[in-house]
Student: 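One structure follows; several queries about it will come next.
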Amino acid sequence: MRDVLLHNNFLDCELIESPQSSWLFTDTDSGIKQMSAFYALLNKHFFDPRMDIDRLTISTVWVDRNNMPRQANKFTVDDSSKDHLLLANAIEAEKIPIREKSVEHDFSPYPENYWRFFSEYPNDPLNRSDEIAWLLFAESTGIIVEKDEYHDYSYIDRFENLKERQYKTSYIDEKMEIEKQLKTLAGEILRQEGFVIRGRELEPAVSIDENLIPENRPCIHL
């Protein structure tokens, strides 16, 4: 089938669909470059409240080169909006009939979804989304996920002692107590670091003395 499509001037493309919009990237140098930039944007802003995408469907599709949509290999960031990150694209996904395969991804803001989706893409060790995912997982489970990138995080040394005790102890009660301490510590860091997380509302954790200094009170939307 692939040979037939290529012979008839069809081009292999990647179609990315969300409930809000769709994007199309061609299997060309320019298309691959723009698609990489698109995924880098999704990675960087995964927990951003403006990322109003909870589901993505990614399909391999074939499009006639002579009828390639003008909006192919394009996406637009809406810098002026506080509600959404990406402007809707004019790609009409329902008018692309030839689909080789489709995979639906849960894009809701949970660490497991973040790691699962971006596991195949190179990640900057200091990526903010990866830091948030790490802390959210620790906060919800009391468990420290082992990944090489984490040693560069500014707060990782605060976890080292608890993590070592957690792995070494054979007492269930002590393990449970350490899990509680890890959850508490992760929650404190989430507040102190000023992370932005979609779907969460947390007050900044500041001391009484810091409260007296307005410029030291970060505005956080978690």
Student: Apply the side-chain contact (heavy atoms from CB on, under 4.5 Å) test between His45 and each candidate in Leu41, Asn43, Leu42; give the one that qualifies.
Tutor: Leu41
Student: NE2 of His84 to CD1 of Ile53: how many Å apart, nearest 0.5 Å?
Tutor: 11.0 Å
Student: Does Asp78 have any salt bridge (Lys or Arg N to Asp or Glu O under 4.0 Å) partners at least two apart in sequence or in another chain, and if so, which?
Tutor: none
Student: In chain order, what residues pass the ring-ring contact (aromatic ring centres under 6.0 Å, His included) check against Tyr155, with sequence neighbours excluded?
Tutor: Trp134, Tyr153
Student: Are the aromatic rings of Tyr114 and Phe118 close, with centres under 6.0 Å apart?
Tutor: yes
Student: CD1 of Ile98 to CG of Asp12: how many Å apart, nearest 0.5 Å?
Tutor: 11.5 Å
Student: Quick check on Met68: does its CE atom have over 12 non-hydrogen neighbours (other residues, nucleotides or ligands) under 6.0 Å away?
Tutor: yes
Student: Are the aromatic rings of Phe25 and Phe38 close, with centres under 6.0 Å apart?
Tutor: yes
Student: Tell me the closest heavy-atom pair linking Arg55 and Phe107, and the distance in Å.
Tutor: N-CB, 3.8 Å
Student: With a 3.5 Å distance limit and no angle check, can you tell me whether Lys175 reaches the backbone of Thr169 through a side-chain donor-acceptor pair?
Tutor: yes
Student: Without swapping roles, check the side chain of Glu179 against the backbone of Ile143 for a donor-acceptor pair under 3.5 Å.
Tutor: no
Student: Looking at Gln166 and Gly142, would you say the former's side chain and the latter's main chain have a donor-acceptor pair under 3.5 Å?
Tutor: yes
Student: How many angstroms lie between CG in Leu56 and CG in Asp106, if you round to the nearest 0.5 Å?
Tutor: 9.5 Å
